[in-house]
Each structure stands twice: as C-alpha cells, then as structure tokens.
Amino acid sequence: MHTEHDWITTPLTADLLRGALDLERTEHGLLPHRLPARARAQNTDGQLAMAEAQPSGVRLAFRTAATAVELDTLRTKRDYIGAPPRPDGLYDLLVDGRPAGQAPGTGGNVLTIDMATWNAEVTPGPVGTVRFTGLPAREKDVEIWLPHNETTELVALRTDAPVEPVPDRGRRVWLHHGSSISHGSDAASPTAIWPAIAASLGGVELINLGLGGSALLDPFTARAMRDTPADLISVKIGINIVNADAMRLRAFGPAVHGFLDTIREGHPDTPLLVVSSVHCAIHEDTPGPTAPDLSALGEGRLRFSAMGDPAEVAAGKLTLGVIREELSRIVRQRAADDPNIHYLDGLDLYGESDAAELPLPDELHPDAATHRHIGERFHKLVFAEGGPFAPGS
C-alpha cells in the first residue's frame, strides 16, 4: 500500500494520449474528442455529439517504472428507460502491449434516455478513481484504454514513479471511420472492439472514428479525416444511412464520391479501403428507418426493427443490398484512376452463415464474440499477406 506522499501527479497533456483528434479543457480536467472543434461546430445532431465524445480507441500511453497507477475520471454513463441496465464501462491496462489488468469505472454522471421519445436527462455524480497495482518494477510501456462507450473526462494521473511519453515506435497509423459497430456497440471492453482487435493483430496504431449512429457521409467528418495524418485509411459505409433513412440512391452515390474526394485531398496516395455493411437481416432487403421495438422494451429487452417498405426500393430507397452494389460500382469506377483504393464486401467479415452461428442479439449490434470474429476476419483479409494493408503492399 502506497502512502499519499509516494504519488507523483503528472499533468495530463496531448503527448500522453493517442487516438483523440482534439482535447477540450473542462472545469474538471481534459475531455478527449474524436472530432476536431471545427467539425463539432458544424454538427447539429445530439447523437453525434454524444458519440464523438465517447473515447472509443482513445488511450493513455506512457513509459514508466511505476508499480501502481491511479486515474481520476468523471464519466457519463448511459441508461435507457425500459432496457436492461448497461454494464459499467471498463478500463483496459496493457503493459508492453499485453493485457495486464482491467477495472470498471465508478461514480460519474448518468444520462437517462427514453427511446420512445428520445428525451434525455443527466443526473450529476462524483469523480471516480481507477487503480492498477502490482505492475512490474521496471521500465515499461503502459497503455490505459478508456471506456469506448462512456464520455470520460480525465481529471488526474498519479503514479509511484515518473512518467514520460512513449517514443514513436514507427508503427503505421490506421484511421478508420464507421458506425456503432466500429464504435464498439456491445463489445466486452475497449480493447475488444473489432477495430482494436484488428489493429493489435496488424501491429498498427488505431485512430477510431467509429461514431455510433453517425456514419452518415458528413462532409465535416471527411474533412477531419483529410486533415489527420495516417498511413492507412478505411471507411465503413451503409448501416447508419439505412437506419436513419437519410438519403435515396440518387443522393447516395454523389455523396460517397464527395466523401472520398475530400479524403483524397489530404491523402492522395494512401491505401484507402471502402467497406460495406456486415450482414444485418432486418435491413438486407428492407429499407429504414430503424426503430426500437417498443413491445420488447416493455418486456425489458432491447431489439430493433426495420420500419421501411421493400416496395419503395424501386423508388430509390436504400437497403444494405442496394448500398453494397453501389459501393462496389463506385470503387471499381474510381480504381481506374486510383490504384490505391480498394473495396471489401462486409459480408466477407460477417455474412449470413456467420449470423446463424453468432446472431445479433438486438438484430443490429454484434456481441463480444462477434466483435472478435469480425476483428480477426478483418486482419486476415486486410492486414495479412495479400491484403490491401499488408506491410509493403
């Protein structure tokens, strides 16, 4: 047990954080953002504002000989009226790249959401402390991955030995954008979201712009990607556009081209992978919008339903099947002038046969086992030999 004077408090600064595009000073400390201030200023959607402030893929990274670490945070946890209580967000500890501990968040605010009306109310709570002890007493690289699904203000970092930033290890940076599945949905912990699994297997540094409910081809997101240094870029497109019933086929194709054009302004030759949606039975042939099944909520279960009419596809409404065909066509067209653009069919990551073995519990989001499956499959198809992100490809 360490006494109070054993602790060294290290200021929380940008050089100790990875995976965030912006850091906001708050009355409590430091709030990591996954979209820059300019993008946030152009956003008017509360769902996106909540999603980008949840630190999926964001981690503290430092070198130290400390055997004990304490991190004070103020979290904001979500609860949905009528749905089962959500588990506490977890902090994952890595030492020299290997799992070395895990701890739940404590204290904090609670955001209560009524999915019938989408009204929300915040109940304030206190700062909590996450503590890791028994670390090896040698110089080592330490990472603390923040909860992927809880807004987390960083208040204070304490260790029993000095801390310094981890030097650049020369690893490639992978910038990924996608929906709640990329954000982490119902993954077990922050290092168990599928992009983190794929990044670990591929030996790359992840910047995760998986934004729950918000992969909607927003121009400000494309500009954020354009302006973010990266060696590898992927964009996963489809499910949120169907969920929100956000556009028709006529608007979709030009919007995809515009999004990719903007990324290419800052990354003209970077390997760029366009990924379509994984299998989602309710929207394969039925358009959106998507809505929570209120009868299931009444039974204390969370389940989603497709509310569109398949007959409207002929008039330009979008399904996942339609979007996959269009994305494939767009990438083939662009590849004639862009040898570094690639397409990956999301069904190769998680298809109908996978769904039979690993069904989506709420009809929309994968569970922990399915995140593992998708992450390993992505690594095999994209990062391994012969893939578009393979070393030296």
Are [X] and [Y] close enough for a salt bridge, meaning some N to O gap below 4.0 Å?
X: D269; Y: R264; answer: no
X: R372; Y: E376; answer: yes
X: R98; Y: E143; answer: no
X: R131; Y: E70; answer: yes
X: D348; Y: R377; answer: no

Side chain of [X], backbone of [Y]: donor and acceptor closer than 3.5 Å?
X: D367; Y: T370; answer: yes
X: T64; Y: P162; answer: yes
X: R158; Y: A156; answer: no
X: T152; Y: E150; answer: yes
X: T221; Y: P219; answer: no
X: Y91; Y: S189; answer: no
X: D362; Y: F304; answer: no
X: R171; Y: G203; answer: yes
X: D231; Y: V173; answer: yes
X: H183; Y: S56; answer: no

Minimum side-chain heavy-atom gap [X]-[Y] below 4.5 Å:
X: L381; Y: F389; value: no
X: D88; Y: K77; value: yes
X: T10; Y: L16; value: yes
X: V278; Y: I181; value: yes
X: R63; Y: V163; value: no
X: D245; Y: R248; value: yes
X: L347; Y: R324; value: yes
X: H365; Y: L302; value: no

Determine the minimum heavy-atom distance between [X] and [Y], stating which atoms define it.
X: P310; Y: T286; result: CG-OG1, 3.7 Å
X: A161; Y: I8; result: C-CD1, 3.6 Å
X: Y350; Y: A355; result: OH-CA, 3.2 Å
X: A20; Y: V58; result: N-CG2, 4.0 Å

Could you walk me through whether D22 and R40 satisfy the salt bridge (charged side-chain N to carboxylate O under 4.0 Å, His left out) test, starting with their C-alpha distance in whole Å, then the side-chain angles of each, then the deciding distance to 0.1 Å, before giving a yes or no? CA-CA 10 Å; D22 193 18; R40 302 198 305 275; 3.0 Å; yes
Evaluate D160 against T67 for side-chain hydrogen bond (donor to acceptor under 3.5 Å, both in side chains), listing each step before the verdict. CA-CA 7 Å; D160 61 354; T67 62; 2.7 Å; yes
Please check if [X] and [Y] belong to a single hydrophobic cluster, counting links between Ile, Leu, Val, Met, Phe, Trp and Tyr side chain heavy atoms closer than 4.5 Å.
X: V256; Y: M225; value: yes
X: L320; Y: I237; value: yes
X: L217; Y: F220; value: no
X: V166; Y: L60; value: no

Check against side-chain hydrogen bond (donor to acceptor under 3.5 Å, both in side chains), T112 and D79: CA-CA 5 Å; T112 303; D79 273 342; 5.3 Å; no
Could you walk me through whether E153 and R75 pass the salt bridge (charged side-chain N to carboxylate O under 4.0 Å, His left out) test, one step at a time? CA-CA 6 Å; E153 296 179 65; R75 65 174 181 165; over 6 Å; no
Given S276, which of D345, L349, L344 fulfils the side chain to side chain contact (heavy atoms under 4.5 Å, CB included) condition?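 With S276 as partner, D345, L349, L344 yield a single side chain to side chain contact (heavy atoms under 4.5 Å, CB included), made by D345.
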Residue of the set T73, L74, D72 for which side chain to side chain contact (heavy atoms under 4.5 Å, CB included) holds with H28: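 Only one option passes, and that is L74.
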For N149 and Q54, which I'm curious about, is there any donor-acceptor pair between the side chains at under 3.5 Å?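 No, no side-chain donor-acceptor pair sits under 3.5 Å.
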Output the distance between atom [atom1] ([X]) and atom [atom2] ([Y]), rounded to the nearest 0.5 Å.
X: L35; Y: L48; atom1: CG; atom2: CG; answer: 6.0 Å
X: I263; Y: T228; atom1: CD1; atom2: OG1; answer: 10.0 Å
X: D293; Y: R303; atom1: CG; atom2: CZ; answer: 4.0 Å
X: L273; Y: I233; atom1: CG; atom2: CD1; answer: 11.0 Å

Dump the intermediate steps for side-chain hydrogen bond (donor to acceptor under 3.5 Å, both in side chains) on R223 and Q42, then the final yes or no. CA-CA 12 Å; R223 287 190 288 272; Q42 295 180 354; 2.7 Å; yes
Check whether more than 12 heavy atoms from other residues, nucleotides or ligands sit under 6.0 Å from atom NZ of K140, and answer yes or no. yes
Exceeds 12 heavy-atom contacts within 6.0 angstrom, atom CZ of R138: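 Check passes, neighbour count above 12.
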Check each of H33, R34, Q47 against E52 using the side-chain hydrogen bond (donor to acceptor under 3.5 Å, both in side chains) test, and report the only one that passes. H33
Under 30°, 30 to 60°, or over 60°: which ring-plane class applies to H177 and F259, parallel, tilted or perpendicular?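 The rings of H177 and F259 lie parallel, inter-plane angle below 30°.
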Angle between ring planes, W194 versus W174, binned at 30° and 60°: parallel, tilted or perpendicular? tilted
From CA spacing to verdict: side-chain hydrogen bond (donor to acceptor under 3.5 Å, both in side chains), H283, T319: CA-CA 6 Å; H283 281 308; T319 67; over 6 Å; no
